[in-house]
2 protein chains.
Amino acid sequence: MGQPSLMEANAFTEAPDGPSAAGSTANFPLPSARSALGGTPWLDRVPAATLDRLADLAVLHRVPSGSTLFEQAEIPSFAQLLVSGSVALLGVSGTAETLIELVRPIDLLLPAAVLNRQPFLARARVLEEAHLVLIQAEVFRDALATDHALCLAVLGCLATQFRRQIKLAKTLKLRSAEERVGCYLLGLVQEAAPGVPVRLPMEKRFIAWQLGMARETFSRVLTGMERYGLHISGDVVEVPDAPPLRARFRLDPQIDGPEPILPFSPRRY
Amino acid sequence: MGQPSLMEANAFTEAPDGPSAAGSTANFPLPSARSALGGTPWLDRVPAATLDRLADLAVLHRVPSGSTLFEQAEIPSFAQLLVSGSVALLGVSGTAETLIELVRPIDLLLPAAVLNRQPFLARARVLEEAHLVLIQAEVFRDALATDHALCLAVLGCLATQFRRQIKLAKTLKLRSAEERVGCYLLGLVQEAAPGVPVRLPMEKRFIAWQLGMARETFSRVLTGMERYGLHISGDVVEVPDAPPLRARFRLDPQIDGPEPILPFSPRRY
DNA sequence: CATCGACCTTGATCTGGATCAATGCTGGGT
DNA sequence: ACCCAGCATTGATCCAGATCAAGGTCGATG
């Protein structure tokens, strides 16, 4: 995934509210919709011809932080593939918003709505500047109906999203705020070398949101973590002494484990 | 953890007709695995040959209330199709359980785990005596890899499950306990003739569970609903006067609407 | 009919975490 | 350097809903 040159970024659409439809011209050469599709690991078994077809009318958008990609209740016009950046899906009721999912690349935004031709159940807002491939919904569905390999790939993608959602629900309902933070930090820390300071991957308020608590609560819990031998200053986390942390917070693979998008295969290897 | 009939705790296989296993025996008056598949609306575009193949090694089980169908973290051996009854999916952490989803017929139990060959993220317990078609996981995945129509059908099924999960999360996070109960009752009541008493579709503790609150809270909230012109005695709900209820609780199609399993079709009609 | 076991209800109490309200910190623009 | 806007911290307060603890109701069973 090369960095897109700003030159070609004309596909950029800016729509702080409302759908980001753009009567943009056909695809441009380099970081193109086509190459983004080609660079998507979980699409690697899809025939090139199908990817060509998907990319044909598709556009690659660069969308700045804060933009709204679509509104809750809107009927999908596009299948949107997040190529870089991050997007928050927010359930909306009146004025209140709640985080449903935090989407990271490379993934589809709410494919379920596109497949079923049903309204989106959430609003999508860009958190970190994002690059997206927009594929006409009709084209996407036609391709699914035609190409079995694509169908299997999307099935795998959706299955993974479903499992992530279940894990989310479980951590929220089975653990206290402190446990959620503890496990989150433990997860961060233990995939780095021991003793090496780690930095938080995003702004604290977003992490708090993701963990289902108010920013104030997150802040308080963070300082409280000193109790378990963990020091936080700014966005840097240091773990002079890991054991107490591990003793207090047990990671559960059925909640915390990563949930990668797998290519579908009927049998093991 | 009350279970009425702990005696016959686990399922007994009910081969369609004869006692032997591999009965791909054609239409029998008694419900067979094959006829259950054939009677599943969202499989209606799947070729008969594929259904035959799925049914070939499958068995139809009758499982009493209280039984556990599978455990969290178990690796799926079967794709399980719920044909009648109801099943609760419970997230488990240590001794605590939380309801993830309440599955009603005709639907697959956690297809995502079966597809991705990953451990179940929940325990499945039968609430109301259930009939299930058990299809060998390998057979199921092979069929998916072979039959495009089946793949599309399962995609639709999974998409719907995903959307239900989102709706669940939204009602839990965006509404108070009273609102959840109000909307639940409103939903029940308004699909019946006005003025006609309605009965709760299941034991109160299960409803409370489904709505994400303690049974005591549910009970209290129920009596509190008199305030909105709604009278409950036992499991019978009477609505002498609907308007106040509707005024207080607004159903949101993005939360409360039904979410039926749709057959996939790329274009409208 | 008396007993028992499952539910449900009702009351009293507790508490995790949200909310409200300042106050600090930091980095970017003129 | 200064100011201002966003974010983070800290403290005080509040409250929805859980939890604990008795009863109450109803149907099945001996």
Side-chain angles (χ1 to χ4, degrees), chain A residues 64-66 88 93 95-99 125 127-128 171-185 199-227 230-237 248-249, chain B residues 1-7 64-66 93 95-99 125 127-128 171-185 199-227 230-237 248-249:
Chain A
S65 168
S93 177
T95 137
E97 283 184 342
T98 188
L99 188 135
R125 178 169 306 145
L127 290 190
E128 297 162 301
T171 199
L172 287 180
K173 292 172 74 181
L174 290 169
R175 307 216 260 225
S176 70
E178 187 185 50
E179 286 167 330
R180 273 172 273 152
V181 174
C183 291
Y184 178 82
L185 292 178
R199 52 178 37 224
L200 299 177
M202 55 198 323
E203 284 177 35
K204 287 182 181 173
R205 67 197 162 121
F206 292 142
I207 300 179
W209 213 359
Q210 199 182 344
L211 297 179
M213 69 193 72
R215 4 181 209 320
E216 295 96 323
T217 303
F218 183 59
S219 185
R220 272 184 261 269
V221 171
L222 272 189
T223 70
M225 300 294 289
E226 307 252 8
R227 279 168 36 60
L230 196 152
H231 186 73
I232 292 119
S233 50
D235 62 350
V236 178
V237 185
R248 169 68 179 83
F249 303 106
Chain B
M1 347 237 7
Q3 52 291 74
S5 49
L6 192 49
M7 316 301 302
S65 169
S93 177
T95 134
E97 284 184 341
T98 188
L99 186 134
R125 177 168 308 145
L127 290 190
E128 297 161 301
T171 200
L172 287 180
K173 291 171 74 181
L174 290 169
R175 304 216 261 225
S176 69
E178 188 185 50
E179 287 167 329
R180 273 172 273 151
V181 173
C183 291
Y184 178 82
L185 292 178
R199 53 178 40 224
L200 299 177
M202 55 199 321
E203 281 178 35
K204 286 183 181 172
R205 67 199 161 121
F206 291 141
I207 300 179
W209 211 359
Q210 198 182 342
L211 297 179
M213 69 194 72
R215 16 188 202 313
E216 295 96 324
T217 302
F218 184 59
S219 185
R220 272 185 261 270
V221 170
L222 271 189
T223 70
M225 300 293 288
E226 307 252 10
R227 279 170 37 60
L230 198 152
H231 187 73
I232 292 121
S233 51
D235 62 350
V236 177
V237 185
R248 169 67 180 83
F249 303 106

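Convention: sequence-line order gives letters A, B, ...; per-chain numbering from 1. Values in this document were obtained by computation on a predicted structure and should not be read as measured data.
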> Go through the structure and list residues passing side chain to side chain donor-acceptor pair (under 3.5 Å) with Ser93(B), not counting sequence neighbours.
none
> Nearest whole Å is fine: how far is dA21(C) C1' from Arg215(A) CZ?
13 Å
> Could you go through residues 199-216 of chain A and list every donor-acceptor pair under 3.5 Å that involves a side-chain atom there, pairing it with any protein atom two or more places apart or in another chain?
residue: Arg199(A); atom: NH1; partner: Asp235(A); partner atom: OD2; Å: 3.4
residue: Glu203(A); atom: OE1; partner: Arg205(A); partner atom: NE; Å: 2.6
residue: Glu203(A); atom: OE1; partner: Arg205(A); partner atom: NH2; Å: 2.8
residue: Lys204(A); atom: NZ; partner: Gly234(A); partner atom: O; Å: 3.0

> Under the side chain to side chain donor-acceptor pair (under 3.5 Å) rule, collect the residues that match up with Arg220(A), sequence neighbours excluded.
none
> Name all residues meeting the ring-ring contact (aromatic ring centres under 6.0 Å, His included) criterion together with Phe218(B); count only those two or more places apart in sequence or in a different chain, and write none if there are none.
none
> Are the side chain of Lys173(B) and the backbone N or O of Leu99(A) linked by a donor-acceptor pair below 3.5 Å?
yes
> If I take atom CG in residue Leu211(A) and atom P in nucleotide dG16(C), what distance separates them, rounded to the nearest angstrom?
18 Å
> Earliest and latest nucleotide of DNA chain D, 5' to 3', sitting under 4.0 Å from a non-hydrogen atom of chain B?
dG17(D) to dC20(D)
> Could you list the residues that satisfy side chain to side chain contact (heavy atoms under 4.5 Å, CB included) with Ser176(A), not counting sequence neighbours?
Glu178(A), Glu179(A)
> Touch check for Arg180(B), heavy atoms < 4.0 angstrom, all strands: base, sugar-phosphate only, or nothing?
sugar-phosphate
> Starting from C1' on dG17(C), measure out to CG on Leu172(B) and report it in whole angstrom.
17 Å
> Keeping Ser65(A) on the side-chain end and Glu128(A) on the backbone end, is there a donor-acceptor pair under 3.5 Å?
no
> Would you indicate whether the side-chain heavy atoms of Arg125(B) and Glu97(B) approach each other to under 4.5 Å?
yes
> Could I get the full list of side chain to side chain donor-acceptor pair (under 3.5 Å) partners for Thr217(A), not counting sequence neighbours?
none
> Just report the end-to-end axis angle for the helix from dC1(C)-dG30(D) to dT30(C)-dA1(D), five pairs per end, to 10 degrees.
20°
> Compare all side-chain heavy atoms of Thr223(B) with those of Ile232(B) and state whether any distance is below 4.5 angstrom.
no
> Taking only heavy atoms on the protein side, list every residue of residues 216-226 of chain B lying under 4.0 Å from any atom of DNA chain C, sorted numerically.
Glu216(B), Ser219(B), Arg220(B), Thr223(B)
